[in-house]
Amino acid sequence: MLRRLASLPLRRPAAALLAAGVRCISSGSVEITLPLNFWAGKRRTGPEKCSKDIVYEPATGRVLCQLEPCGAVEVDQAVKAAKLAFGYWSKMSGMERARVMIEAAHIIESKREEIAEMEVVNNGKSITEARLDVDSARLCIEYYAGLASTLAGQHVQLPGGSFAYTRREPLGVCVGIGAWNYPFQIAAWKSAPALACGNSMVFKPSPVTPVTAVMLAEIYAKAGVPEGLFNVVQGGQETGSLLCQHPDVAKVSFTGSVPTGQKIMEMASKGVKPVTLELGGKSPLLIFKDSDLENAVRGALMANFLSQGQVCSNGTRVFVQKDILPEFVKEVVKRTQAIEIGDPLLESTRMGALVSQPHLDKVLSFVDRAKKEGATVLCGGESYVPSDPKLRGGYYMTPCVLGNCTDDMTCVKEEIFGPVMSVLPFETEDEVLQRANDTSLGLAAGVFTRHRAGERPGDDRVLLPTEDCVCGDGRCRQPLLDHPATASQSCALRQRL
Ligand SMILES: NC(=O)C1=CN([C@@H]2O[C@H](COP(=O)(O)OP(=O)(O)OC[C@H]3O[C@@H](n4cnc5c(N)ncnc54)[C@H](O)[C@@H]3O)[C@@H](O)[C@H]2O)C=CC1
């Protein structure tokens, strides 16, 4: 199938690829020469005199493009454009805004493959995952478009026939700062709620993955947002700081690491600006002996190896009840070793490249440290060189399962942000809850069991019932919908049945 990238010149002519019957883009074939900044409705070049950052293609290690980090002048131009657009957009009704956003969602749908391919080229994740990221971005825009026309204030009756009312007003120019693991999706997740409420946005992607946010800017423009409503400025720490400190910025929404989040909160506090921070995690996954092992194994693989393990909410501390530990570990290792690593643009690939060479080195150094601290590498944890010569410079590693882990090890305490699973045995529920919660990076959590808490065999703790049971036994905790007993039957009868 031929897919032509409208905005991104290809190194190899599309016709040649079409003749060969392959997709238009292949790893190693893309070079980006168009400017990656976007404000006031157009792509813009960065400052003339600046030291350029090199952006690499993770699958091959090739140079993809050069980034011109924006300075104070460019940041100011983008914020001014956003301020102007805010004047128009904020006066539109929610329904009018929703119409434009729905149009943007349709355009994303029609360009799904094109966007997903560019995400793969810039980020290194597999094409099957990148397509889902694009879908999630579109769904988010659709969802907030749906909310736009429901935003309303309140009317409050006061004594003596007086009344008060509240209005929901947009803040103004919002800044979005994104991480590199979900570049397109983060840009959509930040802009959709802001735009739905009548705000405008200046978005700064990670300098490692600058490419697809500007595609979103073009999509919004094509959908009909006012010029300057969604802008993209490229750069790293300095550009980000300039945005956070700009006096015309009303709010900052950030996704990234905890240390950067702390700095952003500090900067925003000087201007008394609200912030939304989505930061790192070291989340627990609890696998009880009564769980469906097949489900639990699949869950653990997904919670550790999706996007090469570069997911903030990954369940990287996998606590497994001792009784099933050998069986669980055997199955997890077998399936981890079977994960197909390679060219992220191939449909068969399950794990692509990590985002950069420094990040790969960092993840591998965590594995080394784990070994020194007494963990056992049950599989993987090594750099990997695919057989395809064009991929030899890419940033690949074999997914790793670490056994013999203890709670005090670095691999268990710190966010690795790579394909490294730490397996930890446990005996009782109370023990595992205490250990799972003993972290300053508790972003998410997962549990595999066939019983809800309080229902596990041998667990006599009383839980507040969520639904009334029809059987008349006050101690019954069976949820109504699952209950096989009728109103005339007792729980004892149900148990005998
Ligand atoms: N909770 C969540 O939803 C998510 C959290 N993350 C977290 O992000 C981290 C990985 O992403 P990275 O890009 O390496 O994080 P990072 O914190 O290094 O950078 C994130 C963004 O902040 C910018 N930045 C850096 N210093 C700044 C400063 N002083 N002022 C303003 N902006 C600045 C960067 O240029 C980049 O755009 C991980 O810790 C991960 O857990 C990633 C995705 C989702």
Side-chain angles (χ1 to χ4, degrees), residues 36-37 53 55 58 67 69-72 75 119 122-125 129 133 136-137 140 174-190 193 201-214 232-246 249 251-271 273 275-283 303-304 306-316 354-363 366 395 413-420 439-445:
L36 293 169
N37 300 299
D53 292 341
V55 180
L67 194 74
C70 288
V75 163
E119 197 75 319
N122 195 187
N123 169 279
K125 66 173 69 186
E129 287 186 31
D133 295 358
S136 145
C140 178
C174 297
V175 157
I177 297 179
W180 43 254
N181 58 343
Y182 286 86
F184 188 78
Q185 193 194 76
I186 291 177
W189 283 17
K190 297 219 178 290
M201 176 161 275
V202 181
F203 184 78
K204 190 197 81 59
S206 163
V208 184
T209 51
V211 176
T212 49
V214 72
V232 177
V233 293
Q234 302 287 355
Q237 187 173 328
E238 273 178 38
T239 313
S241 304
L242 286 165
L243 283 168
C244 295
Q245 292 172 41
H246 196 290
V249 165
K251 157 154 194 166
V252 182
S253 173
F254 168 79
T255 298
S257 63
V258 173
T260 310
Q262 285 166 332
K263 285 185 206 153
I264 286 186
M265 205 170 195
E266 202 180 314
M267 285 186 279
S269 74
K270 302 222 165 87
K273 297 173 189 175
V275 288
T276 300
L277 304 176
E278 299 189 314
L279 307 177
K282 190 72 192 178
S283 301
N304 280 271
L306 196 77
S307 264
Q308 296 74 250
Q310 304 165 142
V311 184
C312 54
S313 52
N314 266 0
T316 47
L354 274 71
V355 78
S356 67
Q357 185 66 52
H359 187 61
L360 172 62
D361 294 342
K362 189 175 147 199
V363 173
F366 268 108
Y395 318 130
K413 288 200 303 203
E414 290 184 19
E415 185 183 42
I416 300 177
F417 221 54
V420 182
T439 175
S440 56
L441 289 164
L443 189 63

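Order of listing sets the numbers, starting from 1, for every ligand and every atom in it. By convention here, the first residue in the shown sequence is residue 1.
- Against a heavy-atom cut-off of under 4.0 Å, G236 is close to the following atoms of ligand 1: 35 (O).
- Going from atom CD1 of I177 over to atom CG of L277 covers 10.0 Å, rounded to the nearest 0.5 Å.
- Of the inter-residue distances, the one linking T316 atom OG1 with L441 atom CG reads 9.0 Å to the nearest 0.5 angstrom.
- At least one heavy atom of F254 sits under 4.0 Å from some atom of ligand 1.
- When heavy-atom distances to ligand 1 are checked against a 4.0 Å cut-off, V311 has no atom that comes that close, whether in backbone or side chain.
- Nearest heavy atoms, P205 versus A213: CG-CB, 3.8 Å.
- Closest approach of T239 and G235 over heavy atoms only: OG1-CA, 3.4 Å.
- Judged purely by atom type and a 3.5 angstrom limit, H359 uses its side chain to pair as donor or acceptor with the backbone of F417.
- In terms of polar-atom proximity, defined here as any N/O pair under 3.5 Å, E415 does make such a contact with ligand 1.
- In terms of protein heavy-atom proximity, atom 12 (P) of ligand 1 is nearest to W180 NE1, 3.4 Å.
- Residue Q310 does not touch ligand 1, judged by heavy-atom distances below 4.0 Å.
- Between F417 and ligand 1, not a single N/O pair is under 3.5 Å apart.
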Query raised in the report: Going through the distances and angles, do S253 and K190 end up as a side-chain hydrogen bond (donor to acceptor under 3.5 Å, both in side chains)?
Result: CA-CA 7 Å; S253 173; K190 297 219 178 290; 3.1 Å; yes
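- Within the listing of ligand 1, atoms 30 (N) sit less than 4.0 angstrom from a heavy atom of M267.
- For L443 against C312, the heavy-atom pair with the smallest separation is CD2-O, 3.4 Å.
- Counting heavy atoms under 4.0 Å from ligand 1, residue T255 touches it through both backbone and side chain.
- Proximity to A179 (heavy-atom distance under 4.0 Å) selects the following atoms of ligand 1: 8 (O), 11 (O), 13 (O), 42 (C).
- For the residues V252, T260, T239, the heavy atom positioned nearest atom 27 (C) of ligand 1 is part of T260.
- Atom 35 (O) of ligand 1 has as its closest protein heavy atom K204 NZ, 2.8 Å.
- When atom types are taken as modelled, the side chain of E415 and the backbone of G280 share no donor-acceptor pair closer than 3.5 angstrom.
- Counting atoms of ligand 1 from 1 in the listed order, those under 4.0 Å from a heavy atom of N181 are 42 (C), 43 (C).
- A distance of 7.0 Å separates CG of L306 from CG of N314, quoted to the nearest 0.5 Å.
- Within the structure, ligand 1 has P205 among the residues with a heavy atom less than 4.0 angstrom away.
- Near G178, meaning under 4.0 Å from any of its heavy atoms, are these atoms of ligand 1: 20 (C), 21 (C), 36 (C), 37 (O).
- Interface of L443 with ligand 1, defined as ligand atoms under 4.0 Å from a residue heavy atom, comprises 1 (N).
- In the vicinity of E278, heavy-atom distances shorter than 4.0 Å reach the ligand 1 atoms 1 (N), 2 (C), 3 (O), 4 (C), 5 (C).
- Shortest contact from atom 15 (O) of ligand 1 to any protein heavy atom: S257 N, 3.5 Å.
- With distances taken over non-hydrogen atoms, the option nearest atom 31 (C) of ligand 1 out of S206, A444, P210, G240 is G240.
- Within the cation-pi definition used here (under 6.0 Å to the ring centroid, within 45° of the axis), K125 qualifies as a partner of Y182.
- Which parts of ligand 1 touch P207 is read off a 4.0 Å heavy-atom cut-off, strictly below it: atoms 35 (O).
- The distance from the OG atom of S356 to the CG atom of N123 is 10.5 Å, given to the nearest 0.5 Å.
- Of the N or O atoms in C312, none lie within a sub-3.5 Å distance of an N or O in ligand 1.
- The single protein non-hydrogen atom nearest to atom 29 (N) of ligand 1 is Q237 CG, 3.4 Å, given as residue, atom name and distance.
- When every heavy atom of K263 is checked against every heavy atom of Q237, the shortest pair comes out as NZ-NE2, 4.5 Å.
- When atom types are taken as modelled, the side chain of E129 and the backbone of S307 share a donor-acceptor pair closer than 3.5 angstrom.
- The distance from the CG atom of L243 to the SG atom of C174 is 12.0 Å, given to the nearest 0.5 Å.
- At the shortest separation from atom 23 (C) of ligand 1 among protein heavy atoms lies I177 CG2, 3.7 Å.
- Given atom 1 (N) of ligand 1, the protein heavy atom at minimum distance is L279 O, 2.7 Å.
- Summarising the geometry, atom NE2 belonging to H246 is positioned 14.0 Å from atom CE belonging to M267; distances are rounded to the nearest 0.5 Å.
- The closest protein non-hydrogen atom to atom 7 (C) of ligand 1 is G256 O, 3.1 Å.
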